Engineer: 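The structure follows.
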Amino acid sequence: QQLQGKPQDWAGKHLLVTAGGTQEDLDPVRYLSNRSSGKMGYALANAASQRGAQVTLLSANVNLPIPTGVKVIPVRTAADLKDQLQQLFPTMDGLLMAAAVSDFRPVQVAEHKLKKTAAGEEMTLRFQQNPDLLKLVAAHKRPDQVVVGFAAETHDWRQNALHKLAAKQADYIVLNDVSNPAIGFNSDDNQVTIFGADGFQEQTPIETKAAIADHILTVINPKDR
Ligand code: CTP
Ligand code: CA
């Protein structure tokens, strides 16, 4: 059932949302990851569902309640996420790429648990880049699909966000200032600036991630612009 008062402006649309942070294995018991909580992606999935969208959520290592009415597909690594995105994106009306994808993965995953060697000895790991998943799928975007990326930045915010908007061929980039601990990552509140490929630009107030999610869904909905 639909929640009271929410506009049904996403009815009939199927949105793909990614959330959380991917893990990259070092050995059978260890991985490299990041501090993404998944809260922003879950808030987006929840808000989109409440506004009538059919929502599929690719959830990377998130420990949050599943939003009502949302289909959750768990993924662990960037490779898992890539497989699901490539399979599902063509069937979608839009993608909200809120997941923090590991930029690097170990050059090789050790078959056995890595052992300490001599006492006090340093250890070095080598990493290779993961593919840019957003760029990969946005390159095959149809005109009827909306693609929204996120940019986590600690400095040169605007310049970096505009660069990502162009480089990834996204329709929108949602800029997060991750240098401010009061907002972003594990916080319940956030403040973002939304940049559109059409020149659209808007900064939200500091507000709950639920309110930010509603804001983003209004801006990116072709019906509302
Ligand atoms: N992203 C992705 N695949 C990657 C890395 C990032 O799809 N391998 C997506 C993220 O989900 C996000 C957007 O790209 O929507 C921006 O992620 P961000 O980490 O801010 O930017 P990067 O392009 O990875 O650049 P950098 O980390 O060097 O700033
Ligand atoms: Ca990155």
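Remember, it's a predicted structure, so these values are computed and weren't measured experimentally. Note: hydrogens, waters and symmetry copies are ignored here, and every other heavy atom, side chains too, is used.
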Engineer: Do any N or O atoms from the side chain of Ser102 and from the backbone of Thr22 form a donor-acceptor pair under 3.5 angstrom?
Structural biologist: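 The answer is yes, because a donor-acceptor pair under 3.5 Å joins these two groups.
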Engineer: Is it true that Glu153 and Lys164 make a salt bridge, defined as a side-chain N closer than 4.0 Å to a carboxylate O?
Structural biologist: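 Counted as a salt bridge, because a side-chain N and a carboxylate O are separated by less than 4.0 Å.
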Engineer: Could you report the tightest heavy-atom contact between Ala19 and Gly38, atom names first, then the distance?
Structural biologist: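 In terms of heavy atoms, the two residues are closest at CB-O, 4.0 Å.
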Engineer: Could you tell me whether Lys168 and Asp132 have a side-chain N and a carboxylate O separated by less than 4.0 Å?
Structural biologist: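 Judged by the 4.0 Å cut-off on N to carboxylate O distance, Lys168 and Asp132 do form a salt bridge.
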Engineer: Looking at Ala99, is its backbone amide N or carbonyl O close enough to the side chain of Thr18 to form a donor-acceptor pair, meaning the two atoms are under 3.5 Å apart?
Structural biologist: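 Yes, Thr18 side chain to Ala99 backbone: donor-acceptor pair under 3.5 Å.
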Engineer: Is there a donor-acceptor contact under 3.5 Å from the side chain of Glu121 to the main chain of Lys116?
Structural biologist: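 Looks like no, no N/O pair under 3.5 Å.
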Engineer: Check Asn61, Val62, Thr56 against Ser59 for a side-chain contact (heavy atoms from CB on, under 4.5 Å) and give me the one that passes.
Structural biologist: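 With Ser59 as partner, Asn61, Val62, Thr56 yield a single side-chain contact (heavy atoms from CB on, under 4.5 Å), made by Val62.
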Engineer: Can a donor-acceptor pair be found, under 3.5 Å and without considering hydrogens, that links the side chain of Trp10 to the backbone of Leu217?
Structural biologist: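 Checking the backbone N and O of Leu217 against the side chain of Trp10, a donor-acceptor pair under 3.5 Å is found.
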Engineer: Evaluate whether atom CD of Gln128 has more than 12 neighbouring non-hydrogen atoms of other residues, nucleotides or ligands under 6.0 angstrom away.
Structural biologist: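 Count over threshold, so yes.
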Engineer: Treating Asn160 as the side-chain partner and Asp156 as the backbone partner, does any N or O pair qualify as donor plus acceptor under 3.5 Å?
Structural biologist: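 Side chain of Asn160 to backbone of Asp156: a pair is present.
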Engineer: Do Lys113 and Asp27 sit within salt-bridge range, that is, some charged N less than 4.0 Å from a carboxylate O?
Structural biologist: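 Salt bridge absent between Lys113 and Asp27.
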Engineer: Can a salt bridge be assigned to the pair Lys39 and Asp188 using a cut-off of 4.0 Å between side-chain N and carboxylate O?
Structural biologist: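 Result for this pair is yes, salt bridge flagged.
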Engineer: Between Asn221 and Asp9, is there a donor-acceptor pair closer than 3.5 Å when you use the side chain of the first and the backbone of the second?
Structural biologist: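 Yes; at least one donor-acceptor contact below 3.5 Å.
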Engineer: For Val55 and Ala48, work out which heavy atoms get closest and say how close.
Structural biologist: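 Reported closest heavy-atom pair: CG2-CB, 3.7 Å.
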Engineer: Between Asp25 and Arg105, is the salt bridge (charged side-chain N to carboxylate O under 4.0 Å, His left out) condition met? List the steps.
Structural biologist: CA-CA 7 Å; Asp25 290 333; Arg105 68 178 185 278; over 6 Å; no
Engineer: Start with the C-alpha distance between Tyr172 and Val146, add both sets of side-chain angles, then the distance that settles side chain to side chain contact (heavy atoms under 4.5 Å, CB included), and finish with yes or no.
Structural biologist: CA-CA 8 Å; Tyr172 296 92; Val146 64; 4.0 Å; yes
Engineer: Sequence neighbours left out, what passes salt bridge (charged side-chain N to carboxylate O under 4.0 Å, His left out) with Arg142? Give chain and number order.
Structural biologist: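 Only Asp144 meet the salt bridge (charged side-chain N to carboxylate O under 4.0 Å, His left out) criterion with Arg142.
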